[in-house]
Peer 1: 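Input: one structure, supplied below.
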Amino acid sequence: MPEIKTRQVQKGTIKSLDRAAALTCRMKDVQTRTKDLVDDPRTRSSRSPDEYASNRITGMAKDTGADAVYAAEKTATWSAGKIRHAVHQAQESGYAIPVRARSFVRIRRKKLAEKEQVAARQRSIRTFANSRQLARTKGKEKAIREFAKQRTVVDSRKRSMQSVRITKRAVRRTGRMAQRTARRMRDLIRNAKAMIDAISAGGIVCFVIVLVCILFGAAFYFFGDDSSANYTPVSPEVEAYSAVISKYAGQYGIGEYTELVKAVMMQESGGRGTDPMQASESGYNKKYPHSPGSIKDPEYSIQCGVQALASSLKEARCKNPMDMDRIRLALQGYNYGNGYISWAIARDGGYTVENASDFSDMQAKKHGWKSYGDKQYPAHVLRYYPYGNYNYGIGNGKIVSVAAQQIGNRGGQKFWSWYGFHGRVEWCACFVSWCSDQCGYIKAGIMPKSAGVGGMISFYKNKHQWQTRSYKPSAGDVIFFDWGGDGSPDHVGLVEKCDGRTVYTIEGNSSDTCRRRSYPVGGRQIYGYGVPKY
């Protein structure tokens, strides 16, 4: 059998078109169209830039993949045609194409098609990634611009709100000042009424006395310090009795003390009830039983109360509405009975907080009662007396004398056991509290009962009775120390006196002893001062 010649078909002898160059041009065209579509505002979605770019890129990637598949199929078809043409020519030339060669051609064609599909898919993925990154970049730039706009709006709103808050604070401050001014004007008007009542009741002498009081009070209110805030105006119910009070004050010879009668009524009842002066148990009550609240006629209560107060003022030998020492004596006599007045004069020459407390304890023990009267009655009444307010805050020598009697005490058991401790504690605060209690200041609410320095400081700060270390103190002020200079107070004592350069103190638990010490005014170890309103 004659040998059939075959034509050798070697790998790579069948050339195809430069598919890579064609596809590269095609991909550049796709990228150009993608950029134009992203930049074109007519094709942007109303939604976010990222969402728009994602949708567009997905669509373009699909189109690119389809184009790549189409190109691969077209190339494979063209290659198959070329192969068939080569085979046909070989057969015409007398060459026989073996089956194996034909199978190789088919396999080669299939592999070429698959390779083109993979390459097209990879190119579409790269195109998709590049387009998405471009869209993200543009989306970030837009987001930054939007954030800057929103931040500008927020800053403008903050500035507007801050301006509104500042304006509100200014309005509130102005309102408080207006209220304070109005209150002071009401006080002056009330004082003027008292002057008119005094003129009608007591003549020119009363007029001069009351005029001096009014001028002094006005000067204090408008030019004085913050202690003027201690004065509390009487209630409208008390003011409603002004005419009746003036009538009986003039009738019983104390026309210039009209404001004092109002202060007494304010303390007794606030102007409420049928016995506003609480005069049922007074010796001047001749119509009703001598039991609390038995008087049923407010005017009769005022008549009896004014008589009793007039008697106390006369017994105490008060000279005028500014004679505060004798007014305190008279007020305590109004509460205890005039027997206290003569007793206090004989013992101490007049009223003191200590003798008022002692008299109360003595009478309670004598009658077998738990208590007797109000030990701090003068202080309670004078809160409502406009002429007496200036007298607060000048210091009190009585608590200093009580403290001085304890100098030399060691260990402080007397003070910490009084407070309620069963073993030794740091007792400087207990010492100050014990001295306060001996003078009746704790029950009166003038000074706190505290075993800790911090509690005492809070008490005075809350009552606006606090001064910094640069303050020049008076006798009876409470001095606080900060030994470590760390802003944490750790010791307390009482001011005995101050000469303007040196502060002299009496301290408990100073080296476990009660003793005197001294410091320069404004010294670094001084933390501050509590200034009780005695």
Side-chain angles (χ1 to χ4, degrees), residues 183-184 186-187 190-191 194 209-210 212-214 216-221 224-235 238-239 245 249 254 256-271 276-278 305-306 308-310 312-313 315-336 340-341 344 350-357 360 373-399 439-447 463-465 474 476 531-534:
R183 186 170 61 250
R184 292 174 177 176
R186 285 197 298 270
D187 294 339
R190 185 165 58 252
N191 295 339
I209 292 172
V210 175
V212 171
C213 296
I214 291 173
F216 187 88
F220 173 76
Y221 273 117
D225 58 17
D226 291 339
S227 64
S228 61
N230 293 315
Y231 169 65
T232 303
V234 298
S235 66
V238 172
E239 287 290 352
I245 291 172
I254 57 170
E256 68 271 32
Y257 294 94
T258 299
E259 293 301 317
L260 185 62
V261 177
K262 291 181 182 178
V264 171
M265 181 186 290
M266 185 65 189
Q267 173 61 25
E268 294 290 346
S269 68
M277 292 293 288
Q278 297 295 297
V306 169
L309 183 59
S312 296
L313 291 169
E315 183 75 17
R317 300 174 186 176
C318 289
K319 297 178 180 179
N320 55 63
M322 297 294 293
D323 189 1
M324 300 308 302
D325 289 337
R326 290 183 175 87
I327 284 178
R328 287 189 176 90
L329 179 62
L331 289 173
Q332 196 67 71
Y334 180 85
N335 183 253
Y336 286 166
Y340 162 78
I341 297 176
Y351 167 85
T352 67
V353 174
E354 185 179 20
N355 68 36
S357 178
S360 174
D374 181 354
K375 294 181 179 181
Q376 285 289 324
Y377 190 77
H380 293 158
V381 170
L382 292 177
R383 293 178 295 178
Y384 310 109
Y385 188 52
Y387 308 148
N389 189 45
Y390 81 95
N391 206 39
Y392 290 157
I394 61 174
N396 188 289
K398 182 53 62 178
I399 193 171
C439 296
Y441 294 151
I442 293 177
K443 290 183 180 179
I446 295 174
M447 298 179 75
K463 294 176 76 69
H464 306 290
Q465 297 171 6
S474 301
V531 185
K533 300 300 182 182
Y534 294 113

Peer 1: Measuring from S312:OG to L331:CG, what's the distance to the nearest 0.5 Å?
Peer 2: 8.0 Å
Peer 1: Apply side chain to side chain contact (heavy atoms under 4.5 Å, CB included) to the pair M266 and R383, showing each step before the final yes or no.
Peer 2: CA-CA 10 Å; M266 185 65 189; R383 293 178 295 178; over 6 Å; no
Peer 1: Do D325 and Y351 come within less than 4.5 Å of each other through their side chains, counting heavy atoms only?
Peer 2: no
Peer 1: Can you name the closest pair of heavy atoms from Y385 and L260 and give their distance?
Peer 2: CE1-N, 3.5 Å
Peer 1: With Y336, which residues qualify under ring-ring contact (aromatic ring centres under 6.0 Å, His included), at least two apart?
Peer 2: Y340, F359, Y372
Peer 1: Quick one: closest heavy-atom pair of A344 and N355, and the distance?
Peer 2: CB-ND2, 4.1 Å
Peer 1: Just so I know, are the side chains of L382 and M324 near enough to count as touching, which here means a heavy-atom distance under 4.5 Å?
Peer 2: yes
Peer 1: Could you report the tightest heavy-atom contact between A330 and L313, atom names first, then the distance?
Peer 2: CB-CD2, 3.7 Å
Peer 1: Taking the side chain from Q332 and the backbone from D374, do they hold a donor-acceptor pair closer than 3.5 Å?
Peer 2: yes
Peer 1: Kindly give the heavy-atom pair with the smallest separation between C439 and I399, and that separation in Å.
Peer 2: SG-CA, 3.7 Å
Peer 1: Taking the side chain as every heavy atom from C-beta outward, state whether Y257 and I327 have any atom pair closer than 4.5 Å.
Peer 2: yes
Peer 1: I'd like to check Y377 versus R328 (side-chain heavy atoms, cut-off strictly below 4.5 Å). Are they in contact?
Peer 2: no
Peer 1: Could you grab the distance from atom OH of Y441 to atom CD of E354, nearest 0.5 Å is fine?
Peer 2: 9.0 Å
Peer 1: For residues M277 and M265, determine if any side-chain heavy atom of one lies less than 4.5 Å from a side-chain heavy atom of the other.
Peer 2: yes
Peer 1: I need the minimum non-hydrogen distance between R326 and R317, along with the two atoms involved.
Peer 2: CD-O, 2.8 Å
Peer 1: Measuring from H464:NE2 to K533:NZ, what's the distance to the nearest 0.5 Å?
Peer 2: 11.5 Å
Peer 1: Using a 4.5 Å cut-off on heavy atoms from C-beta on, say whether the side chain of K262 contacts that of E239.
Peer 2: yes
Peer 1: Report yes if the side chains of V234 and E259 come closer than 4.5 Å at any heavy-atom pair, otherwise no.
Peer 2: no
Peer 1: Rounded at 0.5 Å granularity, tell me how far OG in S235 sits from OH in Y384.
Peer 2: 9.0 Å
Peer 1: Rounded to the nearest 0.5 Å, what separates atom NZ in K375 from atom CG in N335?
Peer 2: 12.0 Å
Peer 1: Using every non-hydrogen atom in the two residues, find where I446 and P532 come nearest and quote the distance to one decimal.
Peer 2: CG2-CB, 3.9 Å
Peer 1: If you measure from CD1 on I442 to CD on Q376, what distance do you get to the nearest 0.5 Å?
Peer 2: 11.0 Å
